[in-house]
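Position 1 is the first residue of the sequence, and the numbers go up from there.
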Amino acid sequence: VWSRAGEGVELEGVVEFKSLPSGLHTVRDDLVYFVHDAEFAGVSAFVNEPCDDEDERNARMIAVGILVPLSYGRLGRSWRHAEDLKVLASKLAKNPEATDILEEYWKAHQAGAATSDDHIPSLPASPSTGRKGHSRNRSASDAVTLVAPEHKLSPFHPAWSLALLLDNFGPLIFPIYRAALLRKRILISCHAPVHQICDFVYNISVLSNIPSALLESLPDLSASHRLRPLFTVGVHDIPFLEADLAASKTADPDDESHYGWVACTTDSILAVKDTLWDMLITMPGPDSPEGAWPTVECPKGSPVRATQRDLRRFHALRDGLINLAAVAASGPGAAERPETSHSQHGQSAEATPNEAVEGIVEPPSWASLAYSGFM
């Protein structure tokens with residue numbers, strides 16, 4: 001409907017498919033991250049506004065998005081624009097003709113503008129204090145700060161969802177982490193909204209980083225030191241994923257562009273095409289029973305479960321985060337830190353009962369049980 005771009009950047013017939021994944025019509029609002037031409041990161045704010053116009057089928061759906069160069073990090077700091085884009089989308093949903101506000105934003109933030117790089121002024125809007133989730137007494141997401149208070153993060157920075165990542169995957173985070181370290185192609189199949197899953201894609205990619213100090217210790221033919229996050233992909237990305245697979249088989253070992261990726265999709269057809277991915281993570285659907293865990297397959301049809309050692313690691317990690325949250329809550333500046341929402345797994349500050357994770361953790365071996373009983 002409206003677009004502006006720098007010279008040589010093609011938008012028509014491309015970005016609308018990336019910024020509007022399947023199933024968005026079922027939600028009231030969402031925030032979608034994607035990559036474009038391996039050179040740009042995109043973020044799109046979606047709003048589904050009820051209206052009385054019959055031509056609009058009683059709803060007006062608007063998405064306002066931007067592309068930023070991938071010159072810094074995995075998203076080019078595009079999350080700094082997220083809150084402003086949500087405000088713009090809400091205003092346009094009420095008055096679609098008011099595209100002058102888009103023109104003003106473009107002039108202020110286009111490449112080369114005074115505010116295009118580090119300083120991004122926000123439109124008046126209250127900060128987000130949480131996302132949709134299931135309440136519970138206490139969880140790893142109660143660790144309201146994983147960053148020192150002097151480090152100011154945008155309310156929409158994906159790092160805020162690190163504790164929610166643990167809540168949603170539980171001990172399964174460790175086999176997923178190992179697959180990420182091995183630079184597998186990891187696809188997360190989910191339903192709209194996709195904002196939280198896009199954050200998880202970002203976090204899995206960051207967690208899989210190999211420190212520069214260790215790179216010298218690895219064989220010359222080792223995979224890249226980072227896992228590529230593709231964020232939201234769909235049917236339109238199948239040719240790209242197929243080409244990427246073909247290129248990975250003949251790629252130069254020094255070329256990092258073909259070593260694994262992590263992405264999410266709302267198009268179930270991608271989950272069926274098992275040649276495109278190595279590990280499939282299927283998130284619980286809206287009709288799943290409360291407390292359902294994701295299912296992990298690697299390859300398709302081979303379920304992956306956490307080990308008993310993974311379960312012990314998970315308990316230790318979560319207990320450490322809960323202790324950190326208690327210290328942070330009583331420390332200076334606690335009232336100023338944003339809260340995070342709670343997720344559905346786990347019961348209390350104590351370790352999760354084994355029954356709650358029985359389906360996703362391998363049972364103890366007979367040898368282990370016999371040894372424990374003997375001791």
Inset, instruction - Kindly indicate, with the supporting measurements, whether the criterion side-chain hydrogen bond (donor to acceptor under 3.5 Å, both in side chains) is fulfilled by Ser154 and Arg80. - result: CA-CA 6 Å; Ser154 161; Arg80 291 187 174 190; over 6 Å; no
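By the 30° and 60° cut-offs, the orientation of the rings of Phe17 relative to His236 is tilted.
At least one donor-acceptor pair under 3.5 Å links the side chain of Gln308 to the backbone N or O of Glu362. Side-chain atoms of Arg60 never come within 3.5 Å of backbone atoms of Glu49 as a donor-acceptor pair (strictly under, hydrogens ignored). Between the Ser205 side chain and the Val201 main chain, no donor and acceptor come within less than 3.5 Å of each other. No donor-acceptor pair under 3.5 Å is formed between the side chain of Ser302 and the backbone N or O of Cys298. Listed for the Thr232 side chain is no donor-acceptor partner under 3.5 Å among the backbone atoms of Val32. Without hydrogens or angle criteria, Asn48 side chain to His25 main chain gives a donor-acceptor distance under 3.5 Å. The closest donor-acceptor contact from the side chain of Asp30 to the backbone of Val194 lies under 3.5 Å. No donor-acceptor distance shorter than 3.5 angstrom exists from the side chain of Arg228 to the backbone of Val262, with no hydrogens or angles considered.
Residue Ser189 comes nearest to Leu280 through the heavy atom pair CB-CD1, 4.1 Å, listed as atom of the first residue, atom of the second, then distance. When all heavy atoms of Lys18 and Pro21 are compared, the pair lying nearest together is O-CD, 4.0 Å. The minimum heavy-atom distance linking Thr266 with His191 is given by the pair CG2-C, 4.1 Å.
Side chains of Phe156 and Leu31 form a contact here, defined as non-hydrogen atoms less than 4.5 Å apart. Under the 4.5 Å side-chain criterion, counting only non-hydrogen atoms from C-beta, Lys86 is in contact with Asp29. In this structure the side chain of Trp160 never reaches within 4.5 angstrom of the side chain of Trp79, judged on heavy atoms. Under the 4.5 Å side-chain criterion, counting only non-hydrogen atoms from C-beta, Asn168 is in contact with Leu164. The side-chain heavy atoms of Phe40 and Val35, taken from C-beta on, include no pair separated by under 4.5 Å. Taking the side chain as every heavy atom from C-beta outward, Leu166 and Arg318 never approach each other to under 4.5 Å. A 4.5 Å side-chain heavy-atom check between Phe174 and Phe314 finds at least one atom pair inside the cut-off. Proximity of Tyr202 to Leu75: side-chain heavy atoms (C-beta onward) are separated by under 4.5 Å at one or more points.
Every residue two or more places apart in sequence or in another chain that forms a ring pair (Phe, Tyr, Trp, His ring centres under 6.0 Å) with Phe200 is listed here: Phe169. Residues meeting the side-chain contact (heavy atoms from CB on, under 4.5 Å) test with Ser288, sequence neighbours left out: Pro284, Ala292. Checked against side-chain contact (heavy atoms from CB on, under 4.5 Å), Asp267 has the following partners two or more places apart in sequence or in another chain: Ser22, Val235, Thr265, Ile269, Leu270. Arg313 pairs by the salt bridge (charged side-chain N to carboxylate O under 4.0 Å, His left out) definition with Asp310, not counting sequence neighbours. Among residues two or more places apart in sequence or in another chain, the salt bridge (charged side-chain N to carboxylate O under 4.0 Å, His left out) test is passed with Glu103 by Arg4.
Cluster annotation: Trp261 and Ile186 are assigned to the same hydrophobic cluster (Ile/Leu/Val/Met/Phe/Trp/Tyr, side-chain heavy-atom contacts under 4.5 Å, transitive). In the hydrophobic clustering of this structure, Tyr105 groups with Trp2; members are Ile, Leu, Val, Met, Phe, Trp, Tyr whose side-chain heavy atoms approach within less than 4.5 Å, directly or through other members.
Contacts classified as side chain to side chain donor-acceptor pair (under 3.5 Å) and involving residues 272-286 (residues at least two apart or in different chains) are given here: Arg185-Asp278.
No more than 12 heavy atoms of other residues, nucleotides or ligands shown are found within 6.0 angstrom of CH2 on Trp366.
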